[in-house]
Amino acid sequence: MNLSGLREQANNAWKAVNEPSRPQVLVGQATCGEASGAGEVNHSILETLKRLGIEADVHSVGCIGACYCEPLVDIVKPGAPRICYHSMTPALVSELLEDYLVKDNPRPDLALGVWGESRFGIPALFELPMFKPQMRIALRNAGVIDPENMMHYIARGGYTGLERALKMAPEAVIAEIEKSGLRGRGGAGFSTGLKWKLCRQAKGSPKYIICNADEGDPGAFMDRDLLESDPHAVLEGILTGAHAMGAAEGIIYIRAEYPLAIKRLVKAISQMRDIGLLGKNILGSGFDFDLRIVMGAGAFVCGEETAMMNSIMGRRGTPRPRPPFPAESGLWGKPTSINNVETWACVSAIMEKGADWFSSFGTEKSKGTKTFSLAGKINRTGLIEVPMGITLQEIIFGIGGGIPGGKSLKAVQTGGPSGGCIPASMLSLPVDYEALTKAGSYIGSGGMIVLDEDNCMVETARYFLSFTTSESCGKCVPCRLGTRQLLTILTDITQGKGKPQDIPAILGLGKSMRQGSLCGLGQGAPNPAMTTIAYFREEYDEHINSHVCRAGECRALISYTIIAERCKGCAICLRACPSAAITGEKGKPHVIDISKCSQCGNCLDVCPKKFNAVVKVPAAGPAAVPAAKG
Amino acid sequence: MQQISDILSFHRADRSDLIPILHEVQSRLGYIPPEAMQAAADHVGMSASEVYGVATFYSAFKFKPVGRHCVKACRGTACHVKGSEKILAEIEKALGIKDGDTSADGEYSLETVACLGSCALAPVLVVDERVYGRVTPARVKSILRGER
Ligand SMILES: Cc1cc2nc3c(=O)[nH]c(=O)nc-3n(C[C@H](O)[C@H](O)[C@H](O)COP(=O)(O)O)c2cc1C
Ligand code: FES
């Protein structure tokens with residue numbers, strides 16, 4: 001079998017979607033779409049088409065990244081461009097189909113944008129503030145194609161990079177990747193070309209390659225989205241790497257929390273097998289390779305390469321000292337190369353379009369693009385891909401549309417549990433490996449969590465330490481005991497039990513952990529605490545010295561009261577209080593008994609906005625709370 | 001036991017098949033009983049204590065029977081900054097159980113997970129296979145009811 005035979009079939013299949021003879025409806029059905037109700041919307045589309053007696057094709061596509069306004073539905077009517085509609089519900093989509101397909105009204109009021117030029121008064125999709133600054137390389141097909149239809153991928157240039165690579169000597173492929181400047185997207189940013197060269201040159205066989213799809217950083221979902229939206233982009237990259245490094249077997253290690261991504265990978269792998277892209281003598285090149293999926297089992301540390309290899313071999317997923325590096329001695333003691341999902345998707349793009357094209361994006365040392373997941377206190381949450389070197393300002397206020405509810409930005413957390421918090425004052429920082437590391441944080445795999453004035457920075461550090469403490473594998477002492485100690489100190493501070501000497505203790509302990517821990521988990525675990533101390537020292541001092549949490553997030557340092565003049569005695573808060581701390585007669589002002597109150601904030605949440613009678617105030621300090629014994 | 005031997009018959013007698021075996025046992029039985037660990041140990045040629053050591057390392061594996069419905073509350077970063085703590089408290093109140101427990105009638109199990117990958121819709125809750133985004137404390141009860 002060769003691919004050129006399939007290309008015509010693929011082009012026809014893709015043309016049938018974009019220049020159709022009958023209406024095409026494309027529903028965004030990645031996990032975030034599903035969570036927003038895309039399944040029900042899909043169902044309504046089928047019902048409506050049946051009711052209206054319209055012959056149309058309905059496709060399920062991946063995620064274009066605008067998760068904040070899911071479910072997304074695109075419609076292509078014969079003779080018209082593809083139009084993207086947002087925030088669909090079963091009722092709305094039914095109305096839309098009837099209006100557009102029967103009455104020829106494209107409903108600009110429901111549309112997000114037009115693929116291509118503006119039309120019908122609907123703006124051009126990729127000119128919108130959310131999309132204009134983006135450059136989509138890894139995500140080139142995400143939300144565009146049906147991820148389960150390999151023909152769509154092939155029609156969009158898929159597997160041309162592989163065909164090119166198979167005609168090249170493996171060393172030449174490695175040279176091309178090296179020339180592109182691609183660095184690992186899983187966090188550490190190591191040169192991919194160099195890593196491949198080491199593995200190629202290593203003695204020993206068979207050689208293995210691994211695709212790291214463990215995506216353990218809580219708050220990040222780039223790899224999930226990519227695998228759900230365009231699995232072949234990743235698989236083509238893996239195949240290219242196998243040829244370049246001379247690997248016989250590949251393993252995709254994916255977290256079990258991603259069932260849809262696993263399902264789509266399984267399907268894509270079987271499609272590859274069907275057309276001879278896996279197995280013996282791939283595309284007649286004499287190259288043999290096979291691929292399997294291994295599911296993770298909920299251990300963050302297994303994202304670390306040596307821990308992952310232990311896990312694949314059926315052991316406890318604990319890391320081991322390096323050297324020897326996996327390139328010399330990895331799975332079963334054989335040369336092994338491991339790359340992240342996004343790295344693999346960049347590889348297939350580079351082989352298709354060339355190293356020079358890729359390296360024309362980005363900065364001097366950080367080439368190409370990077371995907372980021374935007375979450376937290378930001379208007380347009382979702383998945384984006386931007387050229388390296390773009391500023392945080394452009395990402396958060398341009399693409400992300402700023403902070404909701406008129407609140408002010410406090411910090412951006414990048415790099416997950418090993419990363420740090422970059423303060424609002426440093427928004428002009430360009431996003432590249434060096435700049436973020438210099439700021440004490442780290443690009444990491446691409447999670448970006450936006451924090452506003454209501455987020456306490458000490459609490460944020462405590463949160464991350466609670467995560468690393470529970471995920472520390474326990475093998476090395478600095479990490480096992482260090483994370484626990486840091487967590488204890490930070491918890492004390494958030495409870496108003498902090499002491500001035502806690503700050504130097506955190507910094508000292510953090511330094512030892514950075515130097516002495518076995519793997520990146522322990523080495524990076526102090527970062528959230530150390531960067532928040534560096535940039536938000538005043539919040540620590542207020543907690544320790546004045547028992548004040550300015551964000552009002554630390555429960556022990558706040559209390560709630562009811563302003564009698566505003567309270568109408570509606571008793572809504574009384575019923576919502578889990579601690580029976582609120583008393584009062586119907587129609588008369590209620591009061592909160594501080595000694596019973598657990599500071600859950602339910603009363604504030606439920607008090608009708610028109611009364612606005614419950615307020616959060618600084619607690620009288622731990623003097624009011626009996627001091628902890630001992 | 002029949003189910004367990006069925007599962008084993010599809011796997012190589014190799015240590016690297018251990019974790020896949022444990023996954024399959026759990027997906028069929030909902031948890032991994034001691035006899036399954038012993039059978040897996042015999043199959044891949046490890047001691048039962050070694051298998052126990054591996055299985056307990058991974059937080060996804062459970063060793064007690066679980067409820068008919070599995071509720072997973074996310075405690076990931078995005079969900080945390082959007083108030084997941086309150087959601088968890090509300091679920092605990094509604095089901096009358098704590099994180100890691102199963103209700104007395106065997107209907108619900110509750111667990112917290114590190115991140116469900118739907119952070120853009122935080123806070124996130126999963127009931128069985130269904131993902132719910134932008135959960136508010138007020139919505140918790142109806143989400144749980146909807147599944148019953
Ligand atoms: C605690 C820890 C967790 C990690 N988790 C991941 C992960 O989830 N995904 C990933 O690609 N890399 C992760 N890494 C980085 C990997 O060890 C490795 O560097 C990476 O997969 C190499 O691929 P790349 O060069 O393409 O980035 C983690 C590292 C550490 C120390
Ligand atoms: S942080 Fe909750 S889904 Fe990712």
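As the structure is a prediction and not an experimental result, all values here were calculated from the model. Only heavy atoms go into these numbers, but all of them, side chains included; no hydrogens, no water, no symmetry mates. Convention: sequence-line order gives letters A, B, ...; per-chain numbering from 1.
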### Main-chain N/O of A:Gly296 paired with B:Tyr58 side-chain donor or acceptor, under 3.5 Å
no

### Query
Where on A:Ala220 is there a heavy atom nearer than 4.5 Å to chain B: the side chain, the backbone, both, or neither?
backbone

### Message
A side-chain contact here means heavy atoms from C-beta on lying under 4.5 Å apart; do B:Phe57 and A:Arg315 qualify?
### Response
no

### B:Lys93 NZ: over 12 foreign heavy atoms closer than 6.0 Å
yes

### Query
Heavy-atom distance under 4.5 Å to chain A: side chain of B:Arg134, backbone, both or neither?
side chain

### Summary
NZ of B:Lys82 to CG of A:Asp454, rounded to nearest 0.5 Å, is 12.0 Å

### Task
Flag the one option from A:Phe467, A:Phe221, A:Phe300 with the top tally of heavy-atom pairs under 4.5 Å to chain B.
A:Phe221

### Message
With heavy-atom distances below 4.5 Å as the criterion, would you say the side chains of A:Glu34 and B:Glu129 are in contact?
### Response
no

### Query
Where on A:Tyr68 is there a heavy atom nearer than 4.5 Å to chain B: the side chain, the backbone, both, or neither?
both

### Task
List for me each residue that meets side chain to side chain contact (heavy atoms under 4.5 Å, CB included) alongside B:Glu92, sequence neighbours excluded, and say none if there are none.
B:Leu88, B:Lys98, B:Asp99, B:Leu110

### Summary
Turns out that what part of A:Ser311 lies under 4.5 Å from chain B's heavy atoms comes down to both

Using distance only, find each side-chain donor-acceptor pair of residues 599-608 of chain A under 3.5 Å and give its atom names and separation, not counting sequence neighbours.
unit_1: A:Asn602; atom_1: ND2; unit_2: A:Ala576; atom_2: O; d: 3.3
unit_1: A:Asp605; atom_1: OD2; unit_2: B:Lys86; atom_2: NZ; d: 2.7

### Query
Checking A:Val301 against chain B: side chain, backbone, both or neither under 4.5 Å from a heavy atom?
side chain

### Message
Under a 4.5 Å cutoff for heavy-atom pairs, which residue among A:Asp225, A:Thr31, A:Ile449 has the most contacts with chain B?
### Response
A:Ile449

### Message
With a 4.5 angstrom heavy-atom cut-off, is it the side chain or the backbone of A:Met313 that approaches chain B, or both, or neither?
### Response
backbone

#### Entry: For A:Ala142, side chain to side chain contact (heavy atoms under 4.5 Å, CB included) partners two or more places apart
A:Arg136, A:Leu139, A:Ser229

### Query
To the nearest 0.5 Å, how far apart are CZ in A:Arg316 and CD1 in B:Ile19?
11.0 Å

### Message
Quick check on the interface: out of A:Ala30, A:Gly216, A:Gly382, A:Gly376, who has the most heavy-atom pairs with chain B under 4.5 Å?
### Response
A:Gly376

### Query
Taking non-hydrogen atoms and a cut-off under 4.5 angstrom, which of residues 116-126 of chain B neighbour chain A?
B:Leu116, B:Gly117, B:Ser118, B:Cys119, B:Ala120, B:Leu121

### Message
Heavy-atom pairs under 4.5 Å with chain B: which of A:Asp217, A:Ile378, A:Thr460, A:Asn455 has the most?
### Response
A:Asn455

### Region of A:Glu471 that comes under 4.5 Å of a non-hydrogen atom in chain B
side chain

### Query
Roughly how far, to the nearest 0.5 Å, is CZ of A:Arg224 from SG of B:Cys115?
8.5 Å

### Summary
Here the gap from B:Arg15 atom CZ to A:Trp332 atom CH2, rounded to the nearest 0.5 Å, amounts to 11.5 Å

### Summary
Turns out that what part of B:Glu85 lies under 4.5 Å from chain A's heavy atoms comes down to side chain

## Note on the structure
Among A:Arg380, A:Gln413, A:Glu553, A:Glu459, the residue with the most heavy-atom pairs under 4.5 Å to chain B is A:Glu459

### Query
Does any non-hydrogen side-chain atom of A:Ser470 lie less than 4.5 Å from one of B:Arg75?
yes

### Query
Roughly how far apart are A:Glu257 CD and B:Cys74 SG, rounded to 0.5 Å?
9.5 Å

### Message
Using heavy-atom distances under 4.5 Å, tell me whether A:Ile312 contacts chain B through its side chain, its backbone, both, or neither.
### Response
backbone

## Note on the structure
Answer key: most heavy-atom pairs under 4.5 Å with chain A among B:Val81, B:Leu22, B:Thr77, B:Val131 is B:Thr77

